[in-house]
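This report refers to the structure that appears directly beneath it.
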Amino acid sequence: MKISKTHPRYESLKYRHRLVEGLKKGYVTQSGLISHGRGEAFDYLIGEKTIPEAWEAEKAAVALMLLSKDPVISVNGNTAALCPKELVDLAVSLDAKLEVNLYYRTLKREKLIERILKKNGAEEVYGVGRKANKVVPNLDSDRSKVDSLGIWASDVVLVPLEDGDRVESLVAMGKKVVSIDLNPVSRTTRKASIAIVDNVVRAAANMIRLAADMKGMDREALKSVLDGFDNGENLEKTIRTMRQDIS
Ligand code: ATP
Ligand code: MG
């Protein structure tokens with residue numbers, strides 16, 4: 001289907017179309033479409049743009065990931081459909097690994113997502129097939145299966161569109177978790193070490209830009225960016241901004 005660029009909801013239709021294509025190819029799930037709809041509703045409330053609080057969280061997240069020893073970006077069906085190139089470029093910018101992690105895990109979906117990431121320039125993709133050989137404790141879904149060389153060994157995990165319970169389990173393992181979720185009151189957002197309330201498509205693009213600027217900073221300067229960020233306060237401000245944008 002060809003979407004006219006002059007359509008007032010061109011961007012939104014473009015991303016919906018990508019998800020529908022992903023569904024047809026078999027790596028996006030039906031419930032993934034529902035999750036996207038929930039995200040769209042929240043995106044509307046913030047004017048479909050990156051609000052200042054999200055930008056601050058993205059900056060802190062980039063600082064944290066540049067400071068970390070072994071960062072990993074978790075990829076699911078929706079994010080592979082929406083912005084695979086951005087996720088690969090972000091992984092390169094942050095020297096991070098990419099790992100497939102799915103709620104509805106099948107080898108077919110894992111391999112399709114691996115192929116998409118590789119087509120977009122990824123050299124190595126973690127968490128596919130037998131490589132997902134470790135189990136995150138206290139987590140009752142296929143989301144618990146992780147790669148011993150990827151999320152299992154990581155110190156920071158970036159989780160776009162995640163389940164609240166996995167965030168909690170990863171934090172309990174001693175990891176820092178950065179979430180990207182448009183819902184400012186989801187369990188995911190509430191449990192994350194740094195919560196980014198933005199569309200994953202914009203957040204990934206912003207973080208690539210930030211990483212390019214911040215790569216030259218020394219560790220002390222990165223630490224002061226991180227120390228200057230208060231996640232709880234930032235979330236409160238996010239909700240206030242959302243309220244103001246509606247009225
Ligand atoms: P909880 O986090 O409270 O456990 P959930 O994970 O069960 O909730 P879902 O609807 O399955 O809720 O998760 C999808 C989440 O991802 C929603 O909170 C939605 O706002 C968010 N989301 C969907 N699409 C995007 C997107 N493109 N960018 C950012 N967030 C998105
Ligand atoms: Mg969630």
Side-chain angles (χ1 to χ4, degrees), residues 1 13-40 71-92 96-154 157-170 175 177-183 186-188 199-201 203-204:
M1 189 187 77
L13 291 176
K14 181 173 84 180
Y15 290 113
R16 282 186 181 186
H17 185 64
R18 286 188 188 175
L19 288 170
V20 171
E21 286 300 306
L23 182 71
K24 283 187 200 153
K25 292 199 172 115
Y27 62 91
V28 170
T29 62
Q30 289 172 338
S31 68
L33 301 187
I34 297 171
S35 296
H36 185 74
R38 184 186 284 188
E40 277 189 340
V72 175
I73 300 174
S74 182
V75 182
N76 70 1
N78 279 32
T79 53
L82 292 170
C83 54
K85 178 88 176 85
E86 287 87 344
L87 292 175
V88 173
D89 289 352
L90 182 61
V92 172
K97 292 169 181 164
L98 289 159
E99 176 161 341
V100 178
N101 184 273
L102 306 173
Y103 188 82
Y104 300 103
R105 206 180 243 285
T106 64
L107 189 57
K108 181 187 168 203
R109 292 188 69 215
E110 292 167 29
K111 292 216 166 214
L112 282 167
I113 294 169
E114 177 183 42
R115 200 185 305 157
I116 291 166
L117 294 174
K118 289 202 165 163
K119 225 174 78 189
N120 281 281
E123 277 178 18
E124 174 125 39
V125 176
Y126 292 80
V128 178
R130 282 204 291 269
K131 290 195 279 178
N133 55 359
K134 288 278 184 186
V135 177
V136 173
N138 305 316
L139 185 55
D140 194 18
S141 81
D142 271 356
R143 284 282 214 183
S144 64
K145 292 182 185 161
V146 294
D147 194 317
S148 55
L149 302 174
I151 289 174
W152 183 262
S154 69
V157 195
L158 173 67
V159 293
L161 283 56
E162 184 57 60
D163 305 315
D165 42 359
R166 188 166 79 122
V167 174
E168 207 169 359
S169 304
L170 291 172
K175 301 182 193 304
V177 178
V178 178
S179 66
I180 304 176
D181 185 336
L182 280 156
N183 181 352
S186 69
R187 288 180 304 145
T188 301
N199 196 309
V200 63
V201 177

(Q) Quick check for you: to the nearest 0.5 Å, what is the distance between N76 atom CG and E162 atom CD? (A) 7.5 Å
Q. Around N138, counting heavy atoms of other residues, nucleotides and ligands shown, do more than 12 lie under 6.0 Å from its CG?
A. no
Q. Could you give the distance from CD (E99) to CD (E124), rounded to the nearest 0.5 Å?
A. 11.0 Å
Q: Quick one: pull up CD in E40 and OH in Y15 and give me the separation to the nearest 0.5 Å.
A: 12.0 Å
Q. Does the side chain of Y103 reach to within under 4.5 Å of the side chain of D163, using non-hydrogen atoms?
A. yes
Q: Compare all side-chain heavy atoms of L90 with those of V92 and state whether any distance is below 4.5 angstrom.
A: no
**Q.** K97 side chain vs I151 backbone, donor-acceptor pair below 3.5 Å
**A.** no
Q: Taking all heavy atoms of E123 and all of K118, pick out the closest pair and write down the distance.
A: O-CE, 3.5 Å
**Q.** Under-4.0 Å salt bridge between R187 and E168
**A.** no
Q: Please report the C-alpha distance between T29 and L23 in whole Å, then the side-chain angles of each, then the deciding distance to 0.1 Å, and finally whether the side chain to side chain contact (heavy atoms under 4.5 Å, CB included) criterion is met.
A: CA-CA 6 Å; T29 62; L23 182 71; 5.5 Å; no
Q: Flag the pair K111 and E114 as a salt bridge only when some basic side-chain nitrogen lies within less than 4.0 angstrom of an acidic carboxylate oxygen.
A: no
(Q) Please identify which of these residues, V75, V128, L112, meets the side chain to side chain contact (heavy atoms under 4.5 Å, CB included) condition with L117. (A) V75
**Q.** Gap between atom CG of D140 and atom OG of S169 - 0.5 Å precision
**A.** 10.0 Å
Q: Identify the heavy atoms of S148 and A153 that sit nearest to each other, and give their distance.
A: O-CB, 3.5 Å
Q | Pair R166-S74, side chain to side chain donor-acceptor pair (under 3.5 Å): steps then yes or no | A | CA-CA 12 Å; R166 188 166 79 122; S74 182; 2.8 Å; yes
(Q) Any side-chain to backbone donor/acceptor pair from R18 onto A81? Under 3.5 Å, distance only. (A) no
Q) Taking the side chain from K175 and the backbone from W152, do they hold a donor-acceptor pair closer than 3.5 Å? A) yes
Q: For A91 and L98, work out which heavy atoms get closest and say how close.
A: CB-CG, 3.7 Å
Q: Specify the closest pair of heavy atoms between G77 and V28, including all atoms of both residues, with the distance to one decimal.
A: O-CG2, 3.7 Å
Q.
Tell me if the NZ atom of K14 is crowded by more than 12 foreign heavy atoms within 6.0 Å.
A. yes
Q: Kindly determine whether K131 and D147 satisfy salt bridge (charged side-chain N to carboxylate O under 4.0 Å, His left out), including the steps that lead there.
A: CA-CA 5 Å; K131 290 195 279 178; D147 194 317; 5.0 Å; no
Q. Taking all atoms of both residues into account, what is the closest heavy-atom pair of G32 and N78, and its distance?
A. O-ND2, 2.9 Å
Q: Say whether, by atom type as modelled, one donor and one acceptor occur between the side chain of N101 and the main chain of R143 under 3.5 angstrom.
A: yes
Q: Might you work through the side chain to side chain contact (heavy atoms under 4.5 Å, CB included) test for V177 and L158, ending with a clear yes or no?
A: CA-CA 6 Å; V177 178; L158 173 67; over 6 Å; no
Q) Salt bridge check: are R105 and E110 linked by an N-O gap of less than 4.0 Å? A) yes
Q: Apply side chain to side chain contact (heavy atoms under 4.5 Å, CB included) to the pair V157 and V178, showing each step before the final yes or no.
A: CA-CA 6 Å; V157 195; V178 178; over 6 Å; no
Q: Indicate whether the side chain of N183 and that of R38 have a donor and an acceptor atom separated by less than 3.5 Å.
A: no
Q: Write down the atom of L82, the atom of V201, and the distance for their closest heavy-atom approach.
A: CB-CG2, 4.0 Å
(Q) Could you go through V200 and C83, starting from their C-alpha distance and side-chain angles, then the distance that decides it, and tell me whether this counts as side chain to side chain contact (heavy atoms under 4.5 Å, CB included)? (A) CA-CA 8 Å; V200 63; C83 54; 4.1 Å; yes
(Q) To the nearest 0.5 Å, what is the distance between OG on S154 and OH on Y126? (A) 11.5 Å
Q | Inter-residue atom distance L19.CG - E21.CD, 0.5 Å rounding | A | 10.5 Å
